[in-house]
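All remarks here apply to the structure that follows.
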Amino acid sequence: MTAVLFVLLMSQTAPVKCGGSYSVDIRNDAITLFRNGKKINTGKKPVNLRTLKTCNYQKKLNMLRLDTENTAWIFHSGKKEIVFRRAVFTTGEMADETGLKIDSKTGDIYRQNEETRLCNGIAVSVVLEKWNKNKGQYEPLNKVSRINLEKVRKLKAEASVITSVNPMPMFPWRADIISSDIRAGSETPSPVKIVDSDATTSWVGKLGKYSFINFSTTIMPFGVKTLRIFPGNYADLKSLKNYARIKSFFIVTEKSVFKVNVPWKKLNASALKTPFIVNFPEVQKTKCISVVIDTLSTEKKPSGFSEFTVYTSIDYEKNPIKGILNAFSEGKLSHDRTLKILSKINIRNIEEQLKITTDHREKKILIEAALLSGDERFLDLAVRVLGWAENELLRLTEKYLMSSKSTSRLEKLIKEKNIAKEYALRALGVYVQLSNSNVELISEFLGAGTRKDYEIRKRLEKSIRIEKRKEFIERLCKVSHNSGAFYWLMARWIKKDRSIIKSALKCLNTTKVTKLSALLRYLYAVRMTSSPQMVSKVSAIYNQHKLAVVKLESIRTLLALGDTGFVLKSFNPSDPAHVLTIVRYWPKPEFPEKVMSIFNNTRWGVLKKAFLMKAGMNCSNQLDAMLIKTLESRERDLYPLVTTYSSSCKVSQTVYSKMADAMKSEKDLSMFALLGDSLSKNPQRGIEQLVRNKTETVWKLLQKKGNEDKEYAFTLLIRALSQFNSPKDNILFTNIASNEVSRPMLRAAVDILAKRCPTEVMKIKASGKFSWREEYILNLKKICSSSKKMLKPSLEQIKNRREKK
């Protein structure tokens, strides 16, 4: 055993007698035991061990006890050294370990759990372990020494089978804790076998006098009337005989204590099936019950406890619905708990209560209970509820109708001419998912896929469950060849759920579409599959149809399927729409040479824009050449794309040089600003001064009325100018912020100054016509005043100030 090391706080000046010929001395950091003045053992002194009052050494226990003002210090005197064990307050409370106790007569040390309480609040401590001085370790004990139970009333248990109530009570209870299972340093498992409603499964363990089991329930609006107990191991007759059985026990509720004697008789096959019933003299209003063991048939064997069932007053009601609904309305029962209880009630009682209940909230929960039962007698009710239900009740109603014989009723409903549109759509959403529904009728309702039937398509897209979609496709495929709505639905589902691909491809491969509207939706569905096996079918459609719209959709679909060979063979450079489709949906980053040549020769701006957008989004290797070509030919409409993709993609310096050339010759202020803003991030020689000159010129114009159209371009210019990080531009930025300019211009100037914080910032006046201007300026000053990097004025600024003076 290893001694615990501590630092000295106080030294004992003289040995203290420990009874008989023994004495102890504590000096510095050592504690020494003497017999007749001769040292026999020594060890390290604990840090908080102060001046001793008394000492006791018990040779038989090899236990040394030292008492200070309020603490008993326990040591074990081994062969080699004295080892500190535990310190216990003399009041019996713990000092350095939870639940440690010492027996003053024997010197034995016990470890206890933290306080456990019985149902009525009585504190109970379970002795978990006892210190074995010979082995130097704690060993399990799990024993309750004593429980004080006052005002005990006697009850008698009767060997009987309950017949006046349902064997399964409406309110299940849980077994929280059993004292024999309490463990040090870990969560105690629930003895669930005691409350699993199966007497053949038993909790088995060591019980003794005052061992206890705690039971509880979360909500209990009704009083406890009866207990049914199997107080042994009822797994089989042999187990019932061999395991210890409970002969008497205490029942502790929140306000009462009862003692129950169990009248065990012959242990035979009949006894194995017969529980003991305990009836309370009055209903017990309690959410917890503790069973405390008094006597057992034997304490030399393991004990068994098979079942503990609690029956409340509501279990004895012939028609308990009224009481349950009252508890629900008063908030004593939650919605979910009420439904669980109602599920245990005879369905005829629910049916009768639905006819007489007028309260809307109560009626709604009765409907939920009825539908959850799945009983077919509520079929007409479900069809009516479908018209007004919302949220969870609507989902529950739909689920009920899909698992019952509702086909004819729903079919009649959706054919009804005067029915509300929403009601019909709900009915249709359920009807189409029934395996025995009429597929011809469904196809008729789906329509051709036009705007007219869009609402039906959208409803079915959401309402048909994932697990039903495959079946829906397989059934409708036989009758919906020319339904654009059917292919639209298929495409939408394929996009979200790849598990239906196999069924979808089988349908798409076998259908023959003749209507144009359906054919276009058919190609949409094929695109969503991304399956190369559909290439031959789409190629055939392209060859068979002369309509441009079909050919273009076929090209788009073939590209989506990854087939570029057929598309290039049918390439028609003289047809702009044909080329545009190929460019927009080309599946690879680079275009083939025959397609790319169109960009270099066409004058059609929309087509060039499509090329640039496709190349720019992919940062294609062909982008450089496209940008240079655009800048050289001064195609100003495409400059926004040039600036966008030169910033987002890695392009050559040639592109920036061409942008600079274009900027120098650009007369339109907006285009100039756009190019300048982009070039400021990739500076070219001479650009900085060009931007500065233009900015100063425009600033002078903006100070005159009638130039508001230049404000947006000007904000781009000053942002571009700020990118060059020249201190000499601070005067211009502070000048802009000092004037009553528009909000975008002020915001741009303030953003720039907040990053630079030149000294001129503090001189900008905050007052003005607009409160938002004042807020901007005050915020700017706050940022700069807290900044440690307030810029010193530049040499040019100092020179200008001197000239003004």
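If you read the sequence from its start, that first residue is 1, and numbering goes on from there.
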Q | Atom pair CD1/CG of Ile246 and Asn261 - distance to nearest 0.5 Å | A | 12.5 Å
Q | More than 12 heavy atoms from other groups under 6.0 Å of CD on Glu254 | A | yes
Q: Flag yes if more than 12 heavy atoms outside Lys399 fall under 6.0 Å of its NZ atom; otherwise flag no.
A: no
Q | Criterion salt bridge (charged side-chain N to carboxylate O under 4.0 Å, His left out) on Arg426 and Glu390, from CA distance to verdict | A | CA-CA 11 Å; Arg426 288 182 176 189; Glu390 297 293 341; 3.1 Å; yes
**Q.** Main-chain N/O of Leu118 paired with Ser290 side-chain donor or acceptor, under 3.5 Å
**A.** no
(Q) Looking only at side-chain N and O atoms, does Glu362 offer a donor or acceptor that is under 3.5 Å from a partner on Ser329? (A) yes
Q | Ion pair Lys421/Glu455, N-O distance below 4.0 Å | A | yes
Please list, one pair per line, the donor and acceptor atoms closer than 3.5 Å that link side chains of residues 366-381 to other protein atoms, with sequence neighbours excluded.
from: Glu368; atom 1: OE1; to: His335; atom 2: NE2; distance (Å): 3.2
from: Glu368; atom 1: OE2; to: His335; atom 2: NE2; distance (Å): 3.0
from: Glu368; atom 1: OE2; to: Lys364; atom 2: NZ; distance (Å): 3.4
from: Ser373; atom 1: OG; to: Ala370; atom 2: O; distance (Å): 2.4
from: Ser373; atom 1: OG; to: Asp375; atom 2: N; distance (Å): 3.2
from: Asp375; atom 1: OD1; to: Arg377; atom 2: N; distance (Å): 2.9
from: Asp375; atom 1: OD1; to: Arg377; atom 2: NE; distance (Å): 2.9
from: Asp375; atom 1: OD2; to: Arg377; atom 2: NE; distance (Å): 3.4
from: Arg377; atom 1: NH1; to: Glu351; atom 2: OE1; distance (Å): 3.1
from: Asp380; atom 1: OD1; to: Arg409; atom 2: NE; distance (Å): 2.6

Q | Expected output: side-chain Ser334 to main-chain Arg337 donor-acceptor under 3.5 Å | A | yes
**Q.** Nearest non-hydrogen partners of Lys285 and Gly223, listed with the distance
**A.** NZ-N, 4.1 Å
Q.
If I compare all heavy atoms of Val204 with all of Tyr243, which pair ends up nearest, and what's the gap?
A. CG1-CE2, 3.3 Å
Q: Apply side-chain contact (heavy atoms from CB on, under 4.5 Å) to Phe171 and Leu333, showing your working.
A: CA-CA 11 Å; Phe171 288 86; Leu333 280 177; 3.7 Å; yes
Q) Should the heavy atoms of other residues, nucleotides or ligands under 6.0 Å from NZ of Lys193 be counted, would the total exceed 12? A) no
(Q) Are more than 12 heavy atoms, taken from residues, nucleotides or ligands other than Glu467, located less than 6.0 Å from that residue's CD atom? (A) yes
**Q.** Passing option when Ile414 is tested against Val430, Ile419, Leu441 for side chain to side chain contact (heavy atoms under 4.5 Å, CB included)
**A.** Leu441
Q.
Closer than 4.0 angstrom, basic N to acidic O: yes or no for Glu398 and Arg395?
A. no
Q.
Please check this pair: side chain of Gln433 against backbone of Ser463, looking for a donor-acceptor N/O pair closer than 3.5 Å.
A. yes
Please tabulate, one pair per line, all N/O donor-acceptor pairs under 3.5 Å involving side-chain atoms of residues 229-237, not counting sequence neighbours.
from: Asn233; atom 1: OD1; to: Ser202; atom 2: OG; distance (Å): 3.0
from: Asn233; atom 1: OD1; to: Ala235; atom 2: N; distance (Å): 3.1
from: Asp236; atom 1: OD1; to: Lys238; atom 2: N; distance (Å): 3.3
from: Asp236; atom 1: OD1; to: Ser239; atom 2: N; distance (Å): 2.7
from: Asp236; atom 1: OD1; to: Ser239; atom 2: OG; distance (Å): 2.8

Q: Indicate yes or no for a side-chain donor-acceptor contact from Tyr210 to the backbone of Asn148 under 3.5 Å, with no hydrogens or angles considered.
A: no
Q.
Salt bridge check, Lys355 against Glu352: does any charged N sit closer than 4.0 Å to a carboxylate O?
A. yes
Q) Could you go step by step and tell me if Ile345 and Ile324 meet the side-chain contact (heavy atoms from CB on, under 4.5 Å) rule? A) CA-CA 11 Å; Ile345 292 176; Ile324 293 167; 3.3 Å; yes
Q.
If you count every heavy atom of other residues, nucleotides or ligands that lies below 6.0 Å from Lys332 atom NZ, does the total exceed 12?
A. no
**Q.** Under 3.5 Å: donor-acceptor pair, side chain of Thr407, backbone of Asn436
**A.** no
Q) Between the main-chain N or O of Leu240 and the side-chain N or O of Arg245, is there a donor-acceptor pair closer than 3.5 Å? A) yes
Q. Of the non-hydrogen atoms in Val310 and Pro169, which two are nearest, and what is the gap between them?
A. O-CB, 3.4 Å
Q | Any donor-acceptor N/O pair, Thr312 side chain to Val224 backbone, under 3.5 Å | A | no
(Q) Would you say Thr357 and Asp359 are linked by a side-chain donor-acceptor pair, where the criterion is simply a distance under 3.5 Å? (A) no
(Q) Under 3.5 Å, is there a donor on one side chain and an acceptor on the other for Asp176 and Ser216? (A) yes
Q. Do the numbers put Arg521 on top of the ring of Tyr524, so that NZ or CZ is under 6.0 Å from the six-membered ring centre and no more than 45° off the axis?
A. no
Q | Cationic tip of Arg361 above Phe328 ring, under 6.0 Å, 45° of axis | A | yes
(Q) Side chains of Ser499 and Asp497: any donor to acceptor distance under 3.5 Å? (A) yes
Q: Could you please spell out the steps behind the side-chain contact (heavy atoms from CB on, under 4.5 Å) verdict for Lys247 and Val262?
A: CA-CA 5 Å; Lys247 292 184 67 177; Val262 181; 5.5 Å; no
Q: Assert yes or no for the condition that the ring centre distance of Phe472 to Trp493 is strictly below 6.0 Å.
A: yes
**Q.** Over 12 foreign heavy atoms within 6.0 Å of NZ, Lys458
**A.** yes
Q. So which heavy atom on Leu149 is nearest to which on Ile122, and how close?
A. CD2-CD1, 3.7 Å
**Q.** Under-4.0 Å salt bridge between Glu471 and Arg465
**A.** no
Q | Atom pair OG (Ser483) and CZ (Arg457), whose distance is rounded to the nearest 0.5 Å | A | 9.0 Å
Q. Quick check: does any side chain N or O of Glu307 sit under 3.5 Å from a backbone N or O of Ser197, one acting as donor and the other as acceptor?
A. yes
Q. Under the ring-ring contact (aromatic ring centres under 6.0 Å, His included) test, which residues partner Phe215, sequence neighbours left out?
A. Phe308
**Q.** Donor-acceptor pair, side chain of Ser437 and main chain of Tyr431, under 3.5 angstrom
**A.** yes
Q: Using the ring of Tyr316 (Phe, Tyr or Trp, six-membered ring only), decide whether Lys225 places NZ or CZ under 6.0 Å from its centre and within 45 degrees of its axis.
A: yes
Q. Is a side-chain donor or acceptor of Ser248 paired with a backbone partner of Thr295 at a separation under 3.5 angstrom?
A. yes
Q | NZ (Lys363) with more than 12 external heavy atoms under 6.0 Å | A | yes
Q.
Regarding Ser480 and Ser443, do their side chains bring together a donor and an acceptor under 3.5 Å, going by distance alone?
A. yes
Q) Which heavy atom in Asn242 sits nearest to a heavy atom in Lys301, and how many Å separate them? A) O-CD, 3.0 Å
(Q) Parallel, tilted or perpendicular: which one describes the rings of Trp264 and Phe276, with boundaries at 30° and 60°? (A) perpendicular
(Q) If I compare all heavy atoms of Asp181 with all of Thr188, which pair ends up nearest, and what's the gap? (A) O-CG2, 3.3 Å
(Q) Using a 6.0 Å cut-off, check whether atom NZ of Lys209 has over 12 heavy atoms from anything other than its own residue. (A) yes
Q) Would Val439 and Val432 satisfy side-chain contact (heavy atoms from CB on, under 4.5 Å), going step by step from the backbone distance to the final call? A) CA-CA 8 Å; Val439 289; Val432 297; over 6 Å; no
Q: Could you tell me the separation between the CG atom of Asn120 and the OG atom of Ser256, rounded to the nearest 0.5 Å?
A: 9.0 Å
(Q) Salt bridge or not between Lys478 and Glu440? Use side-chain N to carboxylate O under 4.0 Å. (A) no
